[in-house]
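What follows is one structure encoded as structure tokens, with my remarks underneath.
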Amino acid sequence: MEAEPVNLNEFEELARKILLKMNYDFFSAGAEDRYTLSENIKAFQRILFRPRILIDVSKIDMSTCLLGFKMAAPIMVAPTGLLKLANHEAEVAVARAAAACNAIMVLSSSSNYTIEKVASSCDAVRFFQLFIYKQRDVCITLVKRAESNGFKAIVLTVDTPRLGRREVDIKNKFVIPKFANLEGLLSANVKSKGGSDLEAFASATLDDSASWKDIEWLRSITKLPILLKGILTAEDARKAVEARVAGIIVSNHGARQLDYAPASISALEEVVRAVSGAVPIILDGGIRRGTDVFKALALGANAVMIGRPIVYGLAAKGENGVRRVIEMLQNELELTMALNGCPGLKDITRNHVQTEHDRLRSML
């Protein structure tokens, strides 16, 4: 009998063995040379700790609030589409697991279960992820459905005017299943000429003329707070604050869009400095350990999002696998806080980590 996974990497290995190759490739793929995909992990590994000792850590408090909503720990579930490729219970299983762990889930607009089905699956705080579609009435309909089903915020993905080149999907001639939320709104019956159907669908539906004016437009159709997902620079962070968004998600889309963009953790401090506390900042990309969560918090993030590990937990063990993935990260974060001498999140400071830049600067 195979041993139970003891970390997130082992969940990925289990998922790789279970999933159809095309489906595993879809979830694990990065853009082009996959440089950024690799860097999302390696950049965390180059950050070292500066632990403090002889501090009472007999009680550790990881609880926090985001936009007024309480969480057991600063760990959220990132929006990930097409989860039926991993498990038939898909987003419903993820929603239940997140609720059990008191973690906020962001539902992808590309989900295989509808907004309504996920909302009725359990009682929890959830956000809804949105793309900017060429047909603005599709955006309006999705936002109104999210509002009426109790979703608490809109997460607008802003790094996808076009789909990144995911060569493994092209080689596999990836075929997309139905997008439950888009049925009756957009046709998924789009075929690629010898490549990925997902790329063809994105080209046909996503609006590559979207601009900052569309943030103002989105604010005009909803009273829900809006977070922008996909910001990597100080310039865009300042523009986001000027656009009066409620939060910023530092993300390179899981390295699936622009290859040779920086690792999300490498871009975090630049964004944090530019924002100066005006809005909460969430780090998305490369989180595989509780130590990674701590590093992101020390560099200024208010919370983190996890994507692929959720998929791998879902594929390997269903709802229970997702729950275990979240709990593993929560437990690892608790231990990391204790070993760094931080009884609470407010005790985690920039002085607890040393980046590669810090080491270079110390040699000057």
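Side-chain contact between V106 and R126 is absent, with no heavy-atom pair separated by less than 4.5 Å. Considering only heavy atoms from C-beta on, L66 comes within 4.5 Å of M76 through its side chain.
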Output, in order, the C-alpha distance, side-chain angles, deciding distance and verdict of ring pair (Phe, Tyr, Trp, His ring centres under 6.0 Å) for Y312 and F27.
-> CA-CA 9 Å; Y312 300 142; F27 289 121; 7.5 Å; no

Chi angles and distances behind the side chain to side chain contact (heavy atoms under 4.5 Å, CB included) call for L85, F174 | CA-CA 12 Å; L85 298 177; F174 182 74; 3.7 Å; yes

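The environment of CD1 in I53 is sparse: at most 12 heavy-atom neighbours from other residues, nucleotides or ligands sit within 6.0 Å. Counting non-hydrogen atoms of other residues, nucleotides and ligands closer than 6.0 Å to CD of E216 gives a total of 12 or fewer. Crowding of R50 atom CZ: a count of heavy atoms from other residues, nucleotides or ligands under 6.0 Å not exceeding 12. Shown here is F49, whose CZ atom has more than 12 heavy atoms of other residues, nucleotides or ligands within 6.0 Å. The environment of NZ in K70 is sparse: at most 12 heavy-atom neighbours from other residues, nucleotides or ligands sit within 6.0 Å. Surrounding CZ of R145 are more than 12 heavy atoms belonging to other residues, nucleotides or ligands, all under 6.0 Å away. Applying the 6.0 Å contact sphere to CZ of R359 captures more than 12 heavy atoms from other residues, nucleotides or ligands. Heavy atoms from other residues, nucleotides or ligands lying under 6.0 Å from CG of D137 number more than 12.
For the 3.5 Å distance criterion, the side chains of N40 and N252 qualify, holding a donor opposite an acceptor. With no hydrogens or angles considered, a side-chain donor-acceptor pair links S111 and N181 at under 3.5 Å. With hydrogens and angles left out, the side-chain atoms of Q257 and R166 include a donor and acceptor closer than 3.5 Å. Using modelled atom types and a 3.5 Å distance limit, the side chains of S251 and D284 yield a donor-acceptor pair. Side-chain polar atoms of D56 and S58 form a donor-acceptor pair below 3.5 angstrom. No side-chain donor-acceptor contact under 3.5 Å links T233 and E270.
Between atom OH of residue Y24 and atom CD1 of residue I18 there is a gap of 12.0 Å, rounded to the nearest 0.5 Å. Note that CD of E116 is 4.5 Å distant from CG of N149, once rounded to the nearest 0.5 Å. The line from CG of L206 to CG of L186 is 9.0 Å long, rounded to the nearest 0.5 Å. Rounded to the nearest 0.5 angstrom, T205 OG1 and L182 CG are separated by 8.0 Å.
With hydrogens and angles disregarded, no donor-acceptor distance shorter than 3.5 Å links the side chain of R16 to the backbone of L19. Checking side-chain atoms of E32 against main-chain N and O of R256 turns up no donor-acceptor pair under 3.5 Å. Using a distance-only test at 3.5 Å, with no hydrogens or angles considered, a donor-acceptor pair links the side chain of T36 to the main chain of A261. Proximity of a side-chain donor or acceptor of R244 to a complementary backbone N or O of V241 within less than 3.5 Å is not detected.
Results of the side chain to side chain contact (heavy atoms under 4.5 Å, CB included) test with E147 over L142, L224, I115, I221 single out L224 as the only residue that passes.
Ion pair K134/D207 not flagged as a salt bridge, since none of the NZ, NE, NH1 or NH2 atoms sits closer than 4.0 Å to an Asp/Glu carboxylate oxygen. Taking 4.0 Å as the cut-off between side-chain N and carboxylate O, E39 and R46 count as a salt-bridged pair.
Among all heavy-atom pairs drawn from V77 and A98, the shortest one is CG2-CB, 4.1 Å.
Between F294 and H352, the angle of the ring planes goes over 60°, which puts this pair in the perpendicular group of the 30/60° scheme.
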